[in-house]
Amino acid sequence: MARIDQLLASYRRHVALTPRGNLPLSQRVWFVVYPPEDERRLVNRIPEFEIATRDEGLDWRRIDLGGAFADWMDTFDPDERADCLAAPDIVETYADPGFVEHLVERLKGELAGVPAAVAVNTVFAVSGLMELYDFVHVSALLDALDSHLPGIVVLFFPGEREGNTYRFLGARTGWNYLATPILTDD
């Protein structure tokens, strides 16, 4: 069975369990962990994860962060943007905390469109995390959104997991998280 098929089978088993909305965010986050080289294959199969979710009577809201960095750079004054692009080291300085704040506002905007009564039974699927690499830690984004994310948060996470430690794109040092891992070998 292909890795994406295995991930989908693992996801189906997890989503079939009744979610408990009264848990803290750290326990309502699911990491769908896959090798970074499978990014395109996985992205093309995300609609199957949505179908599996809806089959269990839960709502689905996909939040794609693809293009978020370009959107953030578009908020800059043209001269400032040109300076940043001419000296990439400057972008890293701007990105912390500017890019995180931009992402948080973008995600809050997505969440605002979901009525509170529906949100607790919604799976918020976040894809496009590769867009964050080298600028924002996924953990920092989750921490910033802790009180704003209802329901279950599914992160399509290109990287690896050992124990409770997740390594983003297999390159960044890992961090411990209480999330539920969804792996190919569940």
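All values below were derived from every heavy atom in this structure, side-chain atoms included, with hydrogens, water molecules and symmetry-related copies excluded.
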Q: Quick one: do Thr53 and Asp55 satisfy side chain to side chain contact (heavy atoms under 4.5 Å, CB included)? Show the steps, please.
A: CA-CA 5 Å; Thr53 302; Asp55 285 349; over 6 Å; no
Q: Test Val15 against Leu58 for side chain to side chain contact (heavy atoms under 4.5 Å, CB included), laying out the working first.
A: CA-CA 9 Å; Val15 80; Leu58 296 170; 3.8 Å; yes
(Q) Before you tell me yes or no, could you show the steps for Glu105 and Glu101 under side chain to side chain contact (heavy atoms under 4.5 Å, CB included), namely the whole-Å CA-CA distance, both residues' side-chain angles and the distance that decides it to 0.1 Å? (A) CA-CA 6 Å; Glu105 290 307 311; Glu101 292 169 359; 5.6 Å; no
Q. So Met73 and Leu85, side chain to side chain contact (heavy atoms under 4.5 Å, CB included) or not? Walk me through it.
A. CA-CA 9 Å; Met73 289 296 291; Leu85 295 175; 3.7 Å; yes
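Leu65 places a side-chain heavy atom less than 4.5 Å from the side chain of Leu103. Residues Arg61 and Val123 have side chains not in contact (no heavy-atom distance under 4.5 Å, counting atoms from C-beta outward). Between Phe124 and Asp59, the closest side-chain pair of non-hydrogen atoms is not below 4.5 Å. Between Arg81 and Asp74 there is a side-chain heavy-atom pair separated by less than 4.5 Å. By the 4.5 Å heavy-atom criterion applied to side chains, Leu155 and Val32 are not counted as neighbours. No side-chain heavy atom of Ile182 sits less than 4.5 Å from a side-chain heavy atom of Val33. Contact of the Val100 side chain with the His102 side chain is not registered, since no non-hydrogen atoms from C-beta on lie closer than 4.5 Å.
Here the side chain of Glu131 pairs no donor or acceptor atom with the backbone of Gly66 at under 3.5 angstrom. In this structure a side-chain-to-backbone donor-acceptor pair under 3.5 Å is present from Arg28 to Gly151.
Neither Val126 nor Ile51 shares a network with the other; the hydrophobic side chains, linked directly or stepwise wherever heavy atoms of I, L, V, M, F, W or Y lie under 4.5 Å apart, form separate groups for each.
Separating the OH atom in Tyr11 from the CG atom in Leu8 is a distance of 9.0 Å, to the nearest 0.5 Å.
A salt bridge does not link Glu110 to Arg106: none of the charged nitrogens lies less than 4.0 Å from a carboxylate oxygen.
Between the side chains of Glu39 and Tyr34, a donor-acceptor pair is found at a separation under 3.5 Å.
Here the shortest heavy-atom pairing between Asp38 and Arg3 reads OD2-NE, 2.7 Å. When all heavy atoms of His14 and Trp30 are compared, the pair lying nearest together is O-CH2, 3.5 Å. Between Ala52 and Arg12, the shortest heavy-atom contact is CB-NH1, 3.6 Å.
Between Phe156 and Phe31, a ring centre-to-centre spacing not shorter than 6.0 Å is recorded.
Relative ring orientation between Phe76 and Trp72 is described as perpendicular, the plane-to-plane angle rising above 60° on a 0-90° scale split at 30° and 60°.
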